Number of protein chains: 2
Amino acid sequence: MSPSTASTPERIVKAAVKLFYAEGIRAVSMDAVAQKAGVTKRTLYYHFESKDDLVAAYLQTRDQPNLAFFQRCFAGTQGDVADKVAGIFRELARAAGRPGWKGCGFLRTSVELVNMPGHPAMKAARLHKRRVEEWLDGVFKAAGISTPESLARQIVLLLDGSFATTLLHRDPAYMEDAAEAALTLIRAARPPAKAGLKPRRF
Amino acid sequence: MSPSTASTPERIVKAAVKLFYAEGIRAVSMDAVAQKAGVTKRTLYYHFESKDDLVAAYLQTRDQPNLAFFQRCFAGTQGDVADKVAGIFRELARAAGRPGWKGCGFLRTSVELVNMPGHPAMKAARLHKRRVEEWLDGVFKAAGISTPESLARQIVLLLDGSFATTLLHRDPAYMEDAAEAALTLIRAARPPAKAGLKPRRF
DNA sequence: TTGTGTATATTCACTGGTCAGTATACATGG
DNA sequence: CCATGTATACTGACCAGTGAATATACACAA
């Protein structure tokens with residue numbers, strides 16, 4: 001775990017993750033990555049075929065941790081499914097207030113590579129978003145909601161929208177609106193439940 | 001209106017709009033803009049101080065037409081406010097299916113300039129989104145909805161989310177989910193209306 | 001009418017810098 | 001001696017912005 005034990009490729013990817021997320025793909029040169037990783041550019045090119053390759057590695061590295069973050073927010077919030085999903089947006093609002101926050105790296109990368117739909121990083125971005133959507137779908141299915149796929153897509157729209165809008169205005173308040181919207185949408189999608197006294201807590 | 005009568009600055013901005021929207025800011029060189037406008041680069045720099053200047057002009061040019069597009073979709077759809085707003089997403093879905101569609105130029109530009117919050121193009125992007133939000137706010141106020149500002153922000157989130165998600169997956173189906181979500185959110189925000197027989201048509 | 005000045009508009013050729021990627025050589029361990 | 005890995009120094013392309021000169025147009029004086 002200590003930096004000295006990390007292998008060279010690991011250190012390179014770590015440097016790439018930090019720089020690409022903080023400044024964007026095109027804004028970061030391979031020289032900059034090499035320097036941040038404490039390696040020569042030649043060494044970098046020994047371990048990664050091209051910049052595109054490294055960009056793909058950047059997103060692939062972030063896929064699991066980002067999904068895990070959502071899941072942690074969900075699990076860590078009290079209440080029913082709606083509250084728990086709203087909790088994701090509330091945590092996102094907190095994160096968006098912190099200095100280094102720059103929105104969603106997957107979305108931002110996909111914008112920079114918009115004319116390269118076959119780029120491995122684009123595929124990684126689509127895969128990540130689909131994984132989030134599928135996780136939400138599972139959550140809603142488990143909660144007995146009648147239209148889980150559609151609801152999952154609606155929540156994904158709110159997620160991506162709050163990333164984009166919050167990044168533009170640099171105002172986490174939009175995340176709170178997204179939380180409210182999520183609550184409304186999920187409550188509206190309640191199952192034709194056997195009208196219990198209270199919505200079941202999940 | 002014929003190309004020959006357009007002034008040189010007009011032709012330059014038109015070329016910039018096409019190229020910047022189609023390929024992004026950083027991907028388009030000033031040489032490319034000059035060539036597309038049928039002008040020397042030196043002429044281009046005679047009329048625009050810098051690339052940043054031209055990028056700002058690009059977004060300022062698109063502000064009014066884009067808003068007008070939303071308003072046209074709204075006005076052109078039958079039904080109550082909810083239906084009319086949903087009509088925007090339906091029209092957007094049609095547009096997203098067309099070949100040259102590349103999402104929202106304001107959002108994409110703001111992503112490319114994420115580390116230059118004071119950039120004039122960033123200001124133009126924020127202004128545009130705020131104008132859309134304020135227009136929606138007015139629409140909801142006029143419809144007697146009780147929480148117009150909050151609802152307007154929620155719809156903006158769905159708009160930006162559907163731009164981002166549809167661009168990533170290149171699948172206009174997400175726009176339809178956004179339309180559904182908008183319907184749900186607006187209907188849920190109904191006024192504590194004096195329970196008329198039918199929701200008033202606006 | 002003609003000449004001259006001045007502001008606008010345009011051109012060609014160039015600079016200084018950046019960047020992705022490479023040629024070549026050197027080291028080190030099995 | 002060969003595979004793996006690292007370093008120095010380079011190439012070729014691109015790109016934002018510029019220098020210097022030129023063309024056009026109109027104003028106004030002789």
Side-chain angles (χ1 to χ4, degrees), chain A residues 3-59 108-109 111-116 118-122, chain B residues 2-59 108-109 112-116 118-122:
Chain A
S4 54
T5 65
S7 75
T8 304
E10 278 169 354
R11 274 184 304 128
I12 291 173
V13 172
K14 254 178 200 163
V17 167
K18 277 185 193 167
L19 288 175
F20 286 151
Y21 178 73
E23 309 181 28
I25 307 305
R26 294 187 108 112
V28 170
S29 70
M30 290 297 262
D31 294 80
V33 175
Q35 185 177 13
K36 180 119 188 165
V39 183
T40 331
K41 194 160 49 148
R42 199 65 189 82
T43 301
L44 196 166
Y45 275 98
Y46 178 81
H47 294 283
F48 296 88
E49 271 216 336
S50 63
K51 186 175 185 178
D52 291 338
D53 205 25
L54 188 56
V55 173
Y58 152 49
L59 290 192
R108 283 174 47 217
T109 302
V111 162
E112 291 203 69
L113 305 180
V114 74
N115 276 337
M116 314 184 66
H119 193 293
M122 283 294 270
Chain B
S2 89
S4 54
T5 65
S7 75
T8 304
E10 278 169 354
R11 273 184 305 128
I12 291 172
V13 172
K14 252 179 200 162
V17 166
K18 277 186 193 168
L19 288 175
F20 286 151
Y21 179 73
E23 308 181 28
I25 307 304
R26 295 186 107 112
V28 170
S29 71
M30 290 297 264
D31 294 80
V33 175
Q35 186 176 13
K36 180 118 188 166
V39 186
T40 325
K41 193 162 49 148
R42 200 66 184 82
T43 301
L44 196 166
Y45 274 98
Y46 178 80
H47 294 283
F48 296 89
E49 269 215 337
S50 63
K51 186 176 184 177
D52 291 338
D53 204 27
L54 188 57
V55 174
Y58 152 50
L59 290 192
R108 282 173 48 218
T109 302
E112 289 202 71
L113 305 181
V114 74
N115 275 337
M116 315 185 67
H119 194 294
M122 283 294 270

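The chains referred to below are lettered A, B, ... by the order of the sequence lines, with proteins before strands, and numbering in each begins at 1. What you are looking at is a predicted structure, and each value in this text was computed from that prediction instead of being measured.
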Give the minimum heavy-atom separation between [X] and [Y], together with the two atoms involved.
{"X": "B:K36", "Y": "B:A15", "answer": "CG-CB, 3.6 Å"}
{"X": "A:A121", "Y": "A:L59", "answer": "O-CD1, 3.4 Å"}
{"X": "A:A56", "Y": "A:P120", "answer": "CB-CB, 3.8 Å"}
{"X": "B:V39", "Y": "B:L44", "answer": "CG1-N, 4.1 Å"}

- Take A:T8 and A:R11 through the side chain to side chain contact (heavy atoms under 4.5 Å, CB included) test and state the conclusion after the steps. CA-CA 5 Å; A:T8 304; A:R11 274 184 304 128; 3.5 Å; yes
- Task: Check whether NZ of the Lys or CZ of the Arg A:R108 lies under 6.0 Å from the centre of the six-membered ring of A:Y21 and within 45 degrees of that ring's axis.
- Result: yes
- Message: Working note: A:V55 + A:E112, criterion side chain to side chain contact (heavy atoms under 4.5 Å, CB included); need CA distance, chi angles, decisive distance, verdict.
- Response: CA-CA 11 Å; A:V55 173; A:E112 291 203 69; over 6 Å; no
- Report yes or no: does A:T40 contribute a side-chain atom to a donor-acceptor pair with the main-chain N or O of A:T43 at less than 3.5 Å? no
What pairs of nitrogen or oxygen atoms, one from the protein and one from nucleotides 18-20 of chain C, lie under 3.5 Å apart?
| unit_1 | atom_1 | unit_2 | atom_2 | d |
| --- | --- | --- | --- | --- |
| C:dA20 | OP1 | A:K51 | NZ | 2.7 |
| C:dA20 | OP2 | A:M30 | N | 2.7 |
| C:dA20 | N7 | A:K41 | NZ | 3.3 |

Kindly give the atom pairs (protein nitrogen or oxygen, nucleotide nitrogen or oxygen) under 3.5 Å for nucleotides 6-9 of chain C.
none

- Rounded to the nearest Å, what distance is computed from the CD atom of residue B:Q35 to the C1' atom of nucleotide D:dC14? 14 Å
Pull out every protein N or O sitting under 3.5 Å from an N or O of nucleotides 23-30 of chain C, one pair per line with the distance.
| unit_1 | atom_1 | unit_2 | atom_2 | d |
| --- | --- | --- | --- | --- |
| C:dA23 | N6 | A:R42 | NE | 3.1 |

- Mind running side chain to side chain contact (heavy atoms under 4.5 Å, CB included) on B:K51 and B:I25 for me, showing each step along the way? CA-CA 9 Å; B:K51 186 176 184 177; B:I25 307 304; 4.2 Å; yes
- Applying side chain to side chain contact (heavy atoms under 4.5 Å, CB included), run through B:Y58 and B:L19 and close with a yes or a no. CA-CA 10 Å; B:Y58 152 50; B:L19 288 175; over 6 Å; no
